[in-house]
K.L.:
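Next up is a structure, given as structure tokens.
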Amino acid sequence: VDHDFRIGQIVHYVSYGTPNGEYTSECRAAVVTGVHGSQSKNLDLCVLNPEGMYFNVNVPYEGLEEGPTKTAGRPRGGTWHTQEDPRGD
Ligand SMILES: [Zn+2]
């Protein structure tokens, strides 16, 4: 993933699932509203849910990299990735 993200670009935001599974963690479309420089992959996002929009700042990237935050091979809730990331959907 390169760091050339731009304001207005669409990425995927991963919603939080509920602990008892009423809602599962899902990809949502999100518009980039802020970019935190080349050293950070954190983005500010306007998340477009079917039920409405909300705004998140400093959302961490989680896509291709394996890591301790990964749960069951899916990106963690509260993170973003690109539509092109193979794990995205
Ligand atoms: Zn996705």
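What you are looking at is a predicted structure, and each value in this text was computed from that prediction instead of being measured.
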K.L.:
Same cluster or not: L43 versus Y54, using hydrophobic residues (I, L, V, M, F, W, Y) connected whenever any side-chain heavy atoms lie under 4.5 Å apart?
P.N.:
yes

K.L.:
Would you say I10 and V32 are hydrophobically clustered, going by side-chain heavy atoms of ILVMFWY under 4.5 Å?
P.N.:
no

K.L.:
Between CG of N56 and SG of C46, what distance do you get to the nearest 0.5 Å?
P.N.:
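SG of C46 is found 9.5 Å from CG of N56.
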
K.L.:
Is there side-chain contact between F5 and T82, with heavy atoms separated by less than 4.5 Å?
P.N.:
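Side-chain contact under 4.5 Å: yes.
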
K.L.:
Indicate yes or no for a side-chain donor-acceptor contact from T79 to the backbone of P60 under 3.5 Å, with no hydrogens or angles considered.
P.N.:
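Flag not set: sc T79 to bb P60 has no pair under 3.5 Å.
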
K.L.:
Is it the case that the side chain of W80 and the backbone of K41 share a donor-acceptor pair, with hydrogens and angles ignored and the cut-off at 3.5 Å?
P.N.:
yes

K.L.:
Applying side-chain contact (heavy atoms from CB on, under 4.5 Å), run through V14 and H81 and close with a yes or a no.
P.N.:
CA-CA 8 Å; V14 183; H81 56 269; 3.4 Å; yes

K.L.:
Taking salt bridge (Lys or Arg N to Asp or Glu O under 4.0 Å) as the cut-off, I'd like each qualifying pair that reaches into residues 5-21, sequence neighbours left out, listed once.
P.N.:
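Qualifying pairs: D4-R6.
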
K.L.:
Heavy atoms only: give me the nearest T33-L45 pair and the separation to one decimal.
P.N.:
OG1-N, 3.5 Å

K.L.:
One pair to check against side-chain hydrogen bond (donor to acceptor under 3.5 Å, both in side chains): Y61 and N42. What are the steps and the verdict?
P.N.:
CA-CA 6 Å; Y61 172 80; N42 287 18; over 6 Å; no

K.L.:
Nearest heavy-atom pair of A30 and Y13: which atoms, and what distance?
P.N.:
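It is CB-CB, 3.9 Å.
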
K.L.:
With sequence neighbours excluded, what pairs up with E51 under the side-chain hydrogen bond (donor to acceptor under 3.5 Å, both in side chains) test?
P.N.:
none

K.L.:
Of all heavy-atom pairs between Y16 and G77, which one has the smallest distance, and what is that distance?
P.N.:
CE2-O, 3.4 Å

K.L.:
Is there side-chain contact between H36 and D44, with heavy atoms separated by less than 4.5 Å?
P.N.:
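Result yes, sub-4.5 Å side-chain heavy-atom pair found.
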
K.L.:
Could you check whether any side-chain heavy atom of V57 comes within less than 4.5 Å of a side-chain heavy atom of V59, counting everything from C-beta outward?
P.N.:
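No, their side chains stay 4.5 Å or more apart.
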
K.L.:
Side chains of S25 and R76: closer than 4.5 Å at any heavy-atom pair?
P.N.:
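No, their side chains stay 4.5 Å or more apart.
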
